[in-house]
> 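I have a structure here, written as structure tokens, and I will follow up with some questions on it.
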Amino acid sequence: MLLDEKYNEVRDMIKKFSDAEIGPRAMGIDHDGEMPKDIIAKLAENGFLGSYIPEEFGGAGLDYLSYALLIEELSRNCASTGVFVSAHTSLCVWPILNFGTDAQKKKFLPKLASGEWIGCFALSEPNAGSDAGSLTTMAEDKGDHWEINGVKNWITNGKEANVAIVFAKTKKTPDYKGISAFIVETSSPGFSIIKIEDKLGIRGSSTAQLAFDKVKVPKDALLGDPEKGFRVAMATLDGGRIGIAAQALGIAQGAFTYAAKYVKERVQFGAPLANLQGIQFMLADMSTKIASSRLLIYHASALKDAGRPYSKESAQAKLMASESAMWVTTKAIQLCGGNGYTKEYPVERYFRDAKITEIYEGTSEVQRMVIAANELKDLQ
Ligand code: CAA
């Protein structure tokens, strides 16, 4: 896709930062299993935590396509850093920006833009994953405040977050209809982290189980209309899925570039592996899947920036990019052979990191449900 020159400038700027500051640290972040404080500070200093926040609230005021380029370029070196920024931006900043009152925007966005506060999104529960509408966390109206009780699972940035977008039922219903959204400060008494998951990949990104035990939140913590929280969640995930698609694209691109350089240099049977047609065919298929993902992601981002519907397109971008990332990273290990299977080489990390992109912010099966539902609706 031919991008306007301004996007090339944005990409070049992020690429420089990512290669200089993130690339050399990626293996260590994966090994240590946490997001280093100095990396968070550098992301904040460079404006990357407020990229999508308007300038009036202290952000860089970039559009969603630029934000997608940011996640792609960070994830090309380190998928943990990519999802740290993505969960903060698409899952916490965006719903406040889109559904928040002026007072909520003024209170939260400047701190989220500067990195003083980190954001997360608490929708899933032990028994409510793909069937998000069946969640059971309750928010009870206590007159002058809300009281939240429940447990949330698989919360990206759960360890670092100061602010959580929390979904809870304000009316007991068997389905999504009683769900409301809240902006909850994690310093509220009764909020705690139950555990941090030990994961296959994105090991530098925290994934937490959170407890809400009589958490008292002010009346003005309600985000959007009461009992319309499921719409807030679904609309937020429409944008979030573009972010995860961009993460998957970055992972695939990083693995491809590494493996392609490897086969150009690796001599077997008296010549570089890249001279073999069987290897070239593999590279061609990898490159084509990456290009297809990129087109879908930029297209979905452009629709979002133009204020056009993009629910189907974001699901298509995530489905294509995540399944391509899994395929491309598998082939990248194959191209690097025994070396690729070891932790001395980065391709096994890309492979482990790719898997989650087929699961979080809606599994590939959920993306297919969204795509099919939209296609069938469009036929009516
Ligand atoms: N935007 C706005 N509203 C939407 C919407 C959208 N894209 N899609 C649906 N809705 C609304 C509908 O209009 C309807 O509301 P009304 O009745 O008021 O009109 C309501 O939502 C229910 O719609 P459906 O009947 O289509 O919903 P459903 O119950 O059949 O669920 C689903 C559909 C696609 C399976 C949905 O449950 C879903 O997306 N599940 C996956 C959840 C998910 O992605 N979880 C990831 C959590 S975040 C995470 O991974 C952790 C992290 O920290 C990164």
Side-chain angles (χ1 to χ4, degrees), residues 71 75 79-80 82-95 98-99 118-135 137 152-161 163-167 171 173-181 193 196-197 199 201-202 205-210 224-248 300 303-304 308-316 318-319 322 353 355-377:
I71 302 304
S75 305
S80 294
V83 75
F84 177 81
V85 177
S86 178
H88 170 83
T89 310
S90 22
L91 300 186
C92 184
V93 164
W94 190 83
N98 205 60
F99 296 101
I118 299 302
C120 74
F121 179 83
L123 173 68
S124 305
E125 297 183 0
N127 295 313
S130 291
D131 184 9
S134 68
L135 63 85
T137 293
K152 294 289 177 181
N153 263 40
W154 308 301
I155 311 304
T156 304
N157 293 355
K159 186 172 142 194
E160 298 85 4
V163 189
I165 307 298
V166 177
F167 297 87
K171 199 188 253 177
T173 58
D175 57 16
Y176 64 87
K177 292 198 175 102
I179 297 174
S180 301
I193 297 173
I196 303 292
E197 306 291 349
K199 308 187 298 295
I202 53 158
S205 155
S206 70
T207 307
Q209 187 176 43
L210 308 177
D225 294 329
E227 276 102 58
K228 294 289 177 211
F230 196 65
R231 282 186 177 202
V232 174
M234 291 298 108
T236 301
L237 285 166
D238 280 343
R241 286 166 184 165
I242 298 176
I244 298 306
Q247 184 204 20
L303 286 175
K304 182 167 165 59
R308 304 251 302 267
Y310 60 94
S311 183
K312 177 181 79 179
E313 288 78 5
S314 78
Q316 287 174 327
K318 181 174 182 289
L319 177 63
S322 60
D353 288 346
K355 185 60 208 170
I356 190 61
T357 66
E358 293 182 319
I359 298 171
Y360 59 17
E361 298 199 33
T363 60
S364 290
E365 292 69 30
V366 163
Q367 308 312 320
R368 288 184 167 91
M369 286 166 70
V370 172
I371 296 162
N374 274 282
E375 288 292 0
L376 293 169
K377 186 181 72 189

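Numbers for residues simply follow the sequence, beginning at 1. Counting starts at 1 for both ligands and their atoms, in listed order.
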> Distance to 0.1 Å, residue and atom name: give those for the protein heavy atom nearest to atom 4 (C) of ligand 1.
Met234 CB, 3.6 Å
> Looking only at protein heavy atoms, which one is nearest to atom 2 (C) of ligand 1, and what is the separation?
Arg231 O, 3.8 Å
> For ligand 1, is any non-hydrogen atom under 4.0 Å from Asp175's backbone (N, CA, C, O), its side chain (CB onward), both, or neither?
neither
> Can you pull out the closest protein heavy atom to atom 49 (C) of ligand 1? Residue, atom name and distance to 0.1 Å, please.
Glu361 N, 3.7 Å
> Report, in ascending order of atom number, the atoms of ligand 1 lying under 4.0 Å from any heavy atom of Ser124.
47 (C)
> Report the C-alpha distance between Val370 and Arg241 in whole Å, list the side-chain angles of each, state the deciding distance to 0.1 Å, and finish with yes or no for side-chain contact (heavy atoms from CB on, under 4.5 Å).
CA-CA 12 Å; Val370 172; Arg241 286 166 184 165; 3.9 Å; yes
> Using a 4.0 Å cut-off to any heavy atom of Phe230, which atoms of ligand 1 qualify?
20 (C), 21 (O), 22 (C), 27 (O), 37 (O)
> Suppose I only count heavy atoms of Tyr360 and a 4.0 Å limit; which atoms of ligand 1 are within that range?
50 (O)
> So, regarding Thr156 and ligand 1 (criterion: nitrogen or oxygen to nitrogen or oxygen, under 3.5 Å), is there a contact or not?
yes
> Which value, rounded to the nearest 0.5 Å, describes the distance between Ser311 atom OG and Asp238 atom CG?
3.5 Å
> Provide the number and element of each atom of ligand 1 under 4.0 Å from a heavy atom of Leu91.
54 (C)
> Quick one: nearest non-hydrogen protein atom to atom 34 (C) of ligand 1, plus distance?
Val370 CG2, 3.8 Å
> Working to the nearest 0.5 Å, report the span between CG of Asp131 and OG of Ser124.
11.0 Å
> Run the numbers for me: atoms of ligand 1, each under 4.0 Å from some heavy atom of Met369, listed by number.
35 (C)
> Starting at CD1 of Ile155, measure out to CD1 of Ile165 and round the result to the nearest 0.5 Å.
12.0 Å
> Please indicate, with yes or no, if any protein heavy atom is found under 4.0 Å from atom 12 (C) of ligand 1?
no
> What salt bridge (charged side-chain N to carboxylate O under 4.0 Å, His left out) pairs are there with at least one residue in residues 364-375, not counting sequence neighbours?
Lys312-Glu375, Glu323-Arg368
> Identify, by atom number and element, the atoms of ligand 1 in contact range of Ser311, meaning under 4.0 Å from any of its heavy atoms.
7 (N)
> Of all residues at least two apart in sequence or in a different chain, which pass the side chain to side chain contact (heavy atoms under 4.5 Å, CB included) check with Phe230?
Ala132, Tyr176, Ile179, Met234
> Just need the protein heavy atom nearest to atom 17 (O) of ligand 1, so name the residue and atom and give the distance.
Tyr176 OH, 2.5 Å
> Can you find a protein heavy atom closer to atom 44 (O) of ligand 1 than 4.0 Å?
yes
> Return the closest protein heavy atom for atom 7 (N) of ligand 1 as residue, atom name and distance.
Asp238 OD2, 2.7 Å
> May I ask you to list the atoms of ligand 1 that are less than 4.0 angstrom from any heavy atom of Leu237?
43 (C), 44 (O)
> Look at atom 22 (C) of ligand 1 and say whether a protein heavy atom is found at less than 4.0 angstrom from it.
yes
> How far is atom 39 (O) of ligand 1 from its nearest protein heavy atom, and which residue and atom is that?
Arg241 NH2, 3.1 Å
> By number and element, which atoms of ligand 1 are closer than 4.0 Å to a non-hydrogen atom of Trp154?
51 (C), 52 (C), 53 (O)
> Evaluate Gly362 for polar contact with ligand 1, using N/O atom pairs at a separation under 3.5 Å.
yes
> Just do the side-chain contact (heavy atoms from CB on, under 4.5 Å) check on Leu123 and Leu237 with the steps written out, would you?
CA-CA 10 Å; Leu123 173 68; Leu237 285 166; 3.9 Å; yes
> Give the residue and atom name of whichever protein heavy atom lies nearest to atom 40 (N) of ligand 1, and the separation in Å to one decimal.
Ser130 O, 2.8 Å
